[in-house]
> 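My questions all concern the structure below.
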Amino acid sequence: MLIPLLRERIDEILESLPLSEKVDYEIEIPPRKELGDLSSNVAMRLARVLRKDPMAVGLELAEKLKADTLFEKIEVVKPGFMNFFLSSETLRRVVKRVLEDGENYGKKDLGKGERVQFEYGSANPTGPFTVGHGRQIVIGDVLSNVFRELGYEVTREMYINDAGRQIKLLAQSLWVRYNQLLGLEMEIPEGGYRGEYLVDIARKVVEEVGERYKNVWNEEVERFFREKALSEILSNMKETLNKLGTSFDVYYSETSLIEDGTVKEVLSFLEEKGFIYQKDGAVWFKVSAFVEEEDKVLIKSDGSYTYFLTDIAYHYRKYKRGFRKVYDIWGSDHHGHIPRMRAAMKALGLPDDFFNVILHQFVTLKREGKVVRMSTRAGEFVTLDELLEEVGRDATRYFFSMMDPNTHLVFDIDLAKAKTMDNPVYYVQYAHARVVNLFNTAEKKGIAFVPGEGLELLGNEEERLVMRNLGIFESVLEDVAKSFAPNKLTGYLQTLAESFHTFYTKHTIVDPSNVALTNARLSLSLAVKTVLAKGLKLLGVTAPDRM
RNA sequence: GUGCCUGUAGCUCAACGGAUAGAGCGCUGGACUCCGGAUCCAGAGGUUGCGGGUUCGAAUCCCGCCAGGCACACCA
């Protein structure tokens, strides 16, 4: 609430000035605490428009603002930064607000109920989730949580690529495993799936049908093995999601788009508009009519559909379903797919801001200091499931949230397994547990806590810093949503936890000889606990009472 | 070869075009007989891959190199 409060004051002044153009400026957290609670570059930006000296402009602004009780003092320094020192009274209002709002603190209605969709985790259902999927799922999950918090109506969706060539290979691969279990000598087909998980599924098949399909291959058998593989793998995926503490609202099948006529609908629409043509026995889409890219095939010469076509149909269907913005989270290997999808969206006449992609870079696994290549086909990879088993849900989620999606991250398996990763999640969780413990102690010492009473006693340096940090929570959430960066939330929680740990170490909070001050400090601690719990919840990480 | 992403402390990562480039781990040294030491305080550690440019101001934007990842299918 602090940043909007300050912005309001500054805007008021700017509006009273005769300006030829709008002045954009930022309010930020100063790098060092000697530089105040909040700072702004407004004077420097305004100086550019007014063609005046930034320092002079800053001093003028400060003069107009300083009467406001919001501030204790305002400093204007070197290049023209304005540093705002908030009055303790202002800061205490933050605590009051957190206590009043409780778990609703930070909630907003920016989205005004707009229907948006996050699509992530989408994968060929040909094997277990990899660590890379884990990163994507955590990013998508956290962003969904934050958007929901900001007033959007969010649907989390996973697209199941259950059509196409790879599914046939999957069915064959499973069938081979099945026959191998029955003692036949067979080889996994070229390009097939060699992972151990298919052996496990094959074992179930043997239990179920015995030797009925031994050495028999026809359409009916293929359908049986396809259905079996898909349902087993999907149910394993859901189990993994469960371990990760999440699930999707919708699992959308690629096949269903073919069956319900969406693909046909899209095709005839594009044909009517003249965006497709025939060449070499295939049907092509005129990507080049929209962007500088090569045209792409929609229907192969053997009559089957490409992934591109069904994906266009999928997004067309998304719009029909009522989503006004969709956010697809893709691995960076799909970046080449973006321009042609954009072109297709345009061809369909969908709004420009409808289709959005958030790319994330790959996870590189390191074992014994060496890079491990992940490949589903070769069956050599560390699965998300294994990772969760090794390091647990909280650390996994926190770790993936911590990094900017756009960084190539190096995941050291040995470090993770040894649990010496020193994941900062413990640091944040510990702060939460500490507050809980304070209340246990207070109760033991017979102190009757009244939330919000005696706040006027708060005002030393450590308390002020904690209050300031509490007061920027909602701005952090907006930042996360604006830049699609969950790492801004983890960074914030660490900062808040740090300021609390420092406060805790330096001051006695539960002091029976000073009940009033104890009450004030417990109120502050409770506010910290509330925000930490809220932040951790958005990350999908537990906020333990004890550790 | 063309396009996208990345290059910051020994390692993993931060830093809306802003102030003295910050954390954690690791390293060195310290902390209340009292609320949990999974904590706190301090120190060492940097030519932000290299070279130009843009401006009041560049890790960030532009250009050129170098290095790594990814993509360039009638695969998904």
Side-chain angles (χ1 to χ4, degrees), chain A residues 24-28 30-32 35 39 41 44 47-48 53-54 77-81 83 122-124 126 161 163-167 169 191 254 279-284 292-294 296-308 310-311 331-339 359-362 364 366 371 399 402-404 406-412 415 420-427 429-431 433-442 444-445 479 482-483 487-488 490-491 494-495 497-498 500-512 518 521-522 525 546-547:
Chain A
D24 266 332
Y25 64 95
E26 280 82 39
I27 294 174
E28 50 189 9
R32 292 183 307 284
L35 299 176
S39 69
N41 60 355
M44 291 184 282
R48 188 175 293 181
D53 172 39
V77 299
K78 276 182 286 177
F81 281 104
N83 293 331
S122 299
N124 294 333
T126 52
N161 299 119
R165 201 180 68 182
Q166 83 283 0
I167 297 301
L169 270 170
E254 182 181 2
K279 193 180 93 184
D280 304 332
V283 176
W284 298 68
E292 270 191 57
E293 294 276 334
E294 310 245 305
K296 300 294 289 187
V297 168
L298 296 177
I299 304 178
K300 298 179 235 172
S301 52
D302 68 0
S304 62
Y305 300 147
T306 61
Y307 164 79
F308 182 39
T310 49
D311 210 23
S332 61
D333 55 336
H334 283 66
H335 77 261
H337 193 53
I338 299 174
L359 285 182
H360 69 91
Q361 300 297 321
F362 280 9
T364 304
K366 245 166 76 177
V371 173
F399 188 83
M402 252 169 66
M403 318 295 188
D404 183 329
N406 214 24
T407 58
H408 306 266
L409 93 82
V410 180
F411 199 106
D412 190 323
L415 213 53
T420 55
M421 197 163 54
D422 291 296
N423 200 304
V425 68
Y426 301 123
Y427 184 83
Q429 289 179 322
Y430 185 54
R434 264 189 157 170
V435 175
V436 173
N437 192 59
L438 283 173
F439 279 92
N440 292 339
T441 307
K444 248 180 268 165
K445 297 193 175 175
D479 261 7
K482 212 172 89 187
S483 48
N487 57 306
K488 297 199 172 176
T490 55
Q494 275 158 250
T495 305
E498 182 186 15
F500 177 73
H501 282 310
T502 301
F503 160 62
Y504 177 98
T505 308
K506 195 141 179 194
H507 303 282
T508 302
I509 294 168
V510 179
D511 177 8
T518 297
R521 287 180 170 165
L522 281 177
S525 304
R546 267 187 317 193
M547 298 177 66

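All figures in this text were calculated on a predicted structure; none of them were measured in a lab. Letters go in sequence order (proteins before strands), and every chain restarts at 1.
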> Pick the C1' atom in B:G37 and in B:U33, then give their distance to the nearest Å.
15 Å

> Say you pick atom P in B:A19 and the same atom in B:G57; how far apart are they, in whole Å?
14 Å

> Nearest whole angstrom, please: distance from the P of B:A76 to the NZ of A:Lys296.
10 Å

> Each nucleotide N or O in nucleotides 4-11 of chain B that has a protein N or O under 3.5 Å away: list the pair and distance.
residue, atom, partner, partner atom, Å
B:C5, O3', A:Asn406, ND2, 2.8
B:C5, O2', A:Gln361, NE2, 2.9
B:C5, O2, A:His408, NE2, 3.1
B:U6, OP1, A:Asn406, ND2, 3.0
B:U6, O4', A:His408, NE2, 3.4

> Distance between the P atoms of B:U60 and B:G45, in whole angstroms?
24 Å

> Check whether any side-chain N or O of A:His501 sits under 3.5 Å from a backbone N or O of A:Tyr430 as a donor-acceptor pair, and report yes or no.
no

> Would you kindly give the CD-to-C1' distance between A:Glu292 and B:C72, to the nearest whole Å?
15 Å

> Classify the ring geometry of A:His337 against A:His334: parallel below 30°, tilted from 30° to 60°, perpendicular beyond 60°.
perpendicular

> Can a donor-acceptor pair under 3.5 Å be found between the side-chain atoms of A:Thr508 and the base atoms of B:C35?
no

> Can you give the dot-bracket line for RNA chain B, using ( ) for pairs inside the strand, [ ] for pairs that cross earlier ones, | for pairs with another strand and . for unpaired bases, where Watson-Crick and G-U count if both distances are under 3.5 Å?
(((((((..((((....[...)))).(((((.......))))).....(((((..]....))))))))))))....

> Yes or no on side-chain contact (heavy atoms from CB on, under 4.5 Å) for A:Ile338 and A:Leu359, after CA distance, side-chain angles and deciding distance?
CA-CA 10 Å; A:Ile338 299 174; A:Leu359 285 182; 4.0 Å; yes

> Any protein N or O atoms within reach of nucleotides 17-21 of chain B? Criterion: under 3.5 Å, listing atom names and distances.
residue, atom, partner, partner atom, Å
B:A19, N6, A:Ser39, OG, 2.8
B:A19, N6, A:Asn83, OD1, 3.4
B:A19, N1, A:Asn83, OD1, 2.8
B:A19, N1, A:Asn83, ND2, 3.2
B:U20, OP1, A:Lys78, NZ, 3.2

> Please report the distance separating the P of B:A9 from the corresponding atom of B:A59, rounded so that it comes out in whole Å.
15 Å

> I'd like to check A:Lys296 versus A:Thr306 (side-chain heavy atoms, cut-off strictly below 4.5 Å). Are they in contact?
no

> Using atom C1' in both nucleotides, what's the gap between B:A21 and B:A58 to the nearest angstrom?
12 Å

> Between atom CD in A:Gln429 and atom C1' in B:G37, what is the gap in whole Å?
18 Å

> Given the rule in the side-chain contact (heavy atoms from CB on, under 4.5 Å) test, do A:Glu28 and A:Phe81 qualify, once you have shown the distances and angles that lead to the verdict?
CA-CA 11 Å; A:Glu28 50 189 9; A:Phe81 281 104; 4.3 Å; yes

> Would a 4.5 Å heavy-atom cut-off, applied to side chains only, mark A:Val297 and A:Phe308 as touching?
no

> Quick one: label A:Thr306 by what it contacts on the DNA or RNA (base, sugar-phosphate, nothing), any heavy atom closer than 4.0 Å.
sugar-phosphate

> Extract from the structure each pairing of a protein N or O with an N or O of nucleotides 39-41 of chain B at less than 3.5 Å, listing the distance.
residue, atom, partner, partner atom, Å
B:U39, O2', A:Arg434, NH1, 3.0
B:C40, OP1, A:Tyr427, OH, 2.3
B:C40, O4', A:Thr505, OG1, 3.3
B:C41, OP1, A:Thr502, OG1, 3.3

> Quickly work out the A:Asp333 CG to B:A73 C1' distance and round it to whole Å.
15 Å

> For A:Ile299, report the nucleic acid contact type (base, sugar-phosphate, nothing); a contact means any heavy atom under 4.0 Å.
nothing

> Among B:C13, B:C70, B:A15, find the nucleotide with the atom closest to the side chain of A:Phe362.
B:C70

> On RNA chain B, compare the nucleotides closest to A:Val297 and A:Gln494; which residue's is nearer the 5' end?
A:Gln494

> Which part of the nucleic acid does A:Met403 contact within heavy-atom distance under 4.0 Å: base, sugar-phosphate only, or nothing?
sugar-phosphate

> Rounding to a whole Å, what distance do you find between A:Asp311:CG and B:A76:P?
11 Å

> Check every strand shown and say whether A:Asp280 touches a base, only sugar-phosphate, or nothing at a heavy-atom separation below 4.0 Å.
base

> Tell me, please, which residues at least two apart from A:Tyr504 pass ring-ring contact (aromatic ring centres under 6.0 Å, His included).
none

> Please determine, by modelled atom types, if A:Gln166 and A:Thr126 share a side-chain donor-acceptor pair under 3.5 angstrom.
no

> Look at all strands and tell whether A:His360 reaches a base, only sugar-phosphate, or nothing, counting heavy atoms closer than 4.0 Å.
nothing

> I need the NE2-C1' distance between A:His334 and B:A73, as an integer number of Å.
14 Å

> What integer distance in Å separates A:Phe411:CZ from B:C13:C1'?
14 Å

> Might you list the N or O atoms of the protein lying below 3.5 Å from N or O atoms in nucleotides 45-50 of chain B, with each pair's distance?
none

> Check the distance between B:C25's P and A:Met402's CE and give it to me in whole angstrom.
11 Å

